[in-house]
Amino acid sequence: MTLELAINGGKPVRDKILPYGHQWIDEEDIEAVSGVLHSDWITQGPKVAEFEKEFAKYVDNKYAVAVSSGTAALHDACFAAQIEKGDEAITSPITFAASANCVLYQGGTPIFADIDADTLNIDSVEIKKKITKKTKILIPVDFTGLPADLEKILQIARKNNLIVIEDASHALGATYRNRKIGSISDMTIFSFHPVKHITTGEGGMITTNNKEYCERLKLFRTHGITKDKDKLLNYDGPWYYEMQELGYNYRLTDFQCALGLSQLKKIDRIIRRRREIVQKYNNEFKDLPEIKIPQINPVNSNPAWHIYMIQLNLEKLKVGRREIFEALKAENIGVNVHYIPVHLQPYYQKKFGYSLGDFPKAENYYSRAVTLPMFPKMSDKDIDDVFAAVNKVISYYKK
Ligand SMILES: *Cc1c(COP(=O)(O)O)cnc(C)c1O
């Protein structure tokens, strides 16, 4: 029996939309936040340092600096790395725009290097081709939660005297060669947006083992202003402070840090459930010829899956990605696409002259990509609904 697709007027698999990602907030989180709201310090109080300390401990690194978003973390890291006009930073076209925009904020130029078609992460061979005298930074992205090829990337960086800012917005809790993500690159950034592994509403963090970077990161987070006596050029009295650099207000509040601390206590459960869901998806879809699933057992790492990407085998389907996407949406499955290649965004095309064809592997991936819902609070019934909808839509449209 073939079921009528919801898009053609049939009954949808679900009555209500299943979102692609969702936060996991419980009573403990709410109590932690409300405790701070009842206290004297709702910002710039003790919770910030406490969250930073616990976070650094969790990722196994010396320093963590909390900021107001993952984007602020990227911007701050570019400042700490002293990116300036004329400098180039190499990143992946398959990422959120912020991984490249942060370079522009400081006057530098983002350069893209194509992805590896299997891992979907930036390809170290492509990075080498893009290095020039102007290159200063590499920004690998641990896309979907699968760590980038960090060993090769760090080798390239050391050989060419480059700084590595790893965008680990997707990969909190992942390991690479048995080391925690957040302890490997010169600086690693994280995001606490609600769809990410842990949330503070909006929020971000930079981790590093370099004291100098840590100090610059903290300076930039607060307007470039310091009160540190050892750093002041002059001293007029106890009120005295100096603005030594152009910074921003990128601070994270105490109640957000309290939420972050409370969320961090659940991180192992969160990651375990995400891995479990990926396993279930993989088992269900691995033998479906119309779908390519993510790399199941990467050699060097244990991913902390943030999103579950499938690639449609369009050659075996009667319709394109758009029709499959719309059909799944009509079944009330909250599909998404991560990401439209950054170089194809109108701003980047116009400013840098990029066009279709510049990064063939990234573009090919994009043309087939569909993100399926995945978040730790998803029930087994939700997962079964995704199976049912995907199987229904694929069997209807297969050649
Ligand atoms: C979420 C995300 C960011 C930005 O984080 P915000 O907290 O939303 O500013 C940057 N890079 C990647 C890869 C992301 O997924």
Side-chain angles (χ1 to χ4, degrees), residues 19-23 51 55 64-79 89-106 110 112-113 115 119-122 137-148 150 153 164-174 181-182 185 187-207 217 220-221 248-253 256-257 259-260 263-264 270 274 294 303-309 336-343 345 348 362 365-366 369 371 374-375:
Y20 92 89
H22 197 268
Q23 69 270 22
F51 184 34
F55 195 91
V65 178
V67 291
S68 52
S69 70
T71 305
L74 282 161
H75 186 188
D76 200 349
C78 284
F79 168 81
I90 302 174
T91 192
S92 171
I94 297 297
T95 184
F96 185 57
S99 317
N101 292 349
C102 59
V103 179
L104 289 171
Y105 296 158
Q106 287 304 98
F112 299 102
I115 59 167
T119 65
L120 308 178
N121 277 321
I122 195 166
I137 294 180
L138 303 179
I139 309 180
V141 181
D142 304 318
F143 181 58
T144 70
L146 173 71
L150 295 173
I153 290 169
V164 178
I165 299 173
E166 181 184 346
D167 183 343
S169 297
H170 295 190
L172 178 60
I181 288 297
S185 298
M187 285 178 265
T188 308
I189 80 94
F190 298 89
S191 161
F192 307 134
H193 180 276
V195 298
K196 307 287 162 70
H197 293 71
I198 66 168
T199 189
T200 60
E202 302 282 354
M205 191 77 84
I206 310 105
T207 58
L217 291 166
F220 193 70
R221 162 176 80 175
Y248 291 74
N249 178 355
Y250 277 160
R251 295 185 299 261
L252 195 60
T253 66
Q256 287 175 295
C257 289
L259 180 55
Q263 289 260 301
L264 198 55
I270 288 170
R274 285 179 173 276
W305 300 107
H306 160 57
I307 44 177
Y308 189 84
M309 301 301 312
N336 210 319
V337 173
H338 291 84
Y339 292 96
I340 300 160
V342 181
H343 70 282
Q345 291 294 350
Y348 278 88
Y365 157 76
Y366 166 64
T371 317
M374 182 174 69
F375 53 94

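Just so it is clear, the structure is predicted and the values come from calculations on it, not from any experiment. Note that ligands are numbered from 1 as they come in the structure, with each ligand's atoms numbered from 1 the same way.
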Handout entry: Aromatic contact, F190 with H197 (centres under 6.0 Å)
Key = no
Would you tabulate the polar-atom pairs, meaning N/O of ligand 1 against N/O of the protein, with distances under 3.5 Å, reported to 0.1 Å?
residue  : atom   : partner : partner atom : Å
ligand 1 : 5 (O)  : S191    : OG           : 3.3
ligand 1 : 7 (O)  : G70     : N            : 2.8
ligand 1 : 7 (O)  : S191    : OG           : 2.8
ligand 1 : 9 (O)  : G70     : N            : 3.3
ligand 1 : 9 (O)  : T71     : N            : 2.8
ligand 1 : 9 (O)  : T71     : OG1          : 2.5
ligand 1 : 11 (N) : D167    : OD2          : 2.7
ligand 1 : 11 (N) : S169    : OG           : 3.4
ligand 1 : 15 (O) : H170    : NE2          : 2.8
ligand 1 : 15 (O) : K196    : NZ           : 3.0
ligand 1 : 15 (O) : Y339    : OH           : 3.1

Practice task
Can you label the angle between the Y339 ring and the F143 ring as parallel, tilted or perpendicular, going by 30° and 60°?
Solution key: tilted
Exercise for the section: Over all heavy atoms of both residues, which pair between G201 and P194 is shortest? Give the atoms and the distance, please. Expected result: O-CD, 2.9 Å
Exercise for the section: Just jot down the salt bridge (Lys or Arg N to Asp or Glu O under 4.0 Å) partners of R274, sequence neighbours excluded, or say none. Expected result: none
Practice task
Say whether Y105 and D76, considering side chains only, have a donor N or O and an acceptor N or O under 3.5 Å apart.
Solution key: no
Problem - Within the 6.0 Å centroid threshold, strictly below: F79 and Y250 - result: no
